[in-house]
Amino acid sequence: WLKRATSPPRTRAPPIPPVLTGTGTRSGLRQSAMGMKYLGAYLMAVLGGKEAPTADDVKQILEAGGIECEQELLDKVIERMDGKQVHDLIAAGYGKFAACGGGGGGGGG
């Protein structure tokens, strides 16, 4: 008289794409995170007086910090920065941060 409720058949959830887990090789988030070290070294070279750092300049900075350098990613950063002034790029992007807000609560004290 009492029917047992049956649940729908279980289906396996699709696997999480590597781009979201950071396990993919040089893809998505992982690649952009890896590229940050090259961009950071590039900016250090600019601060050090190089107006247009070369791949060798950036590689020297990375190696001085004990950081392994992948030529493919380094070449991509150098290619994208070619003909551009860092200061102009920073100035152009600075205004975009205004949309993010940034006001925070003050510390109690």
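Scope of the values below: all heavy atoms of this structure, side chains included, with no hydrogens, waters or symmetry mates. Positions are given from 1, in the same order as the sequence printed here.
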Requested in this report: Mind checking side-chain contact (heavy atoms from CB on, under 4.5 Å) for D75 and listing every partner two or more places apart, or none if nothing turns up?
Outcome: A55, Q71
Query - Fellow cluster residues of I61, listed by chain then number, with links counted only when side-chain atoms sit under 4.5 Å apart - result: M44
**Report entry** Stepwise side-chain contact (heavy atoms from CB on, under 4.5 Å) check, E51 with V46
**Finding:** CA-CA 6 Å; E51 194 169 309; V46 170; over 6 Å; no
Report summary line: In terms of heavy-atom contacts, E70 and Y38 come closest through N-OH, 2.8 Å
Query raised in the report: By salt bridge (Lys or Arg N to Asp or Glu O under 4.0 Å), which residues pair with K50, not counting sequence neighbours?
Result: D57
Requested in this report: Please lay out, stage by stage, how I78 and T54 fare under the test side-chain contact (heavy atoms from CB on, under 4.5 Å).
Outcome: CA-CA 7 Å; I78 298 299; T54 64; 5.9 Å; no
Requested in this report: Please round to the nearest 0.5 Å and tell me the distance separating atom CD of E63 and atom CG of D56.
Outcome: 9.0 Å
Query raised in the report: Checking side-chain contact (heavy atoms from CB on, under 4.5 Å) for the pair V86/L43: CA distance, chi angles, key distance, verdict?
Result: CA-CA 8 Å; V86 170; L43 292 172; 3.2 Å; yes
Query - Sequence neighbours excluded - salt bridge (charged side-chain N to carboxylate O under 4.0 Å, His left out) pairs with any residue from residues 80-92 - result: none
Report summary line: side-chain contact (heavy atoms from CB on, under 4.5 Å) filter on I67, not counting sequence neighbours, yields K37, L62
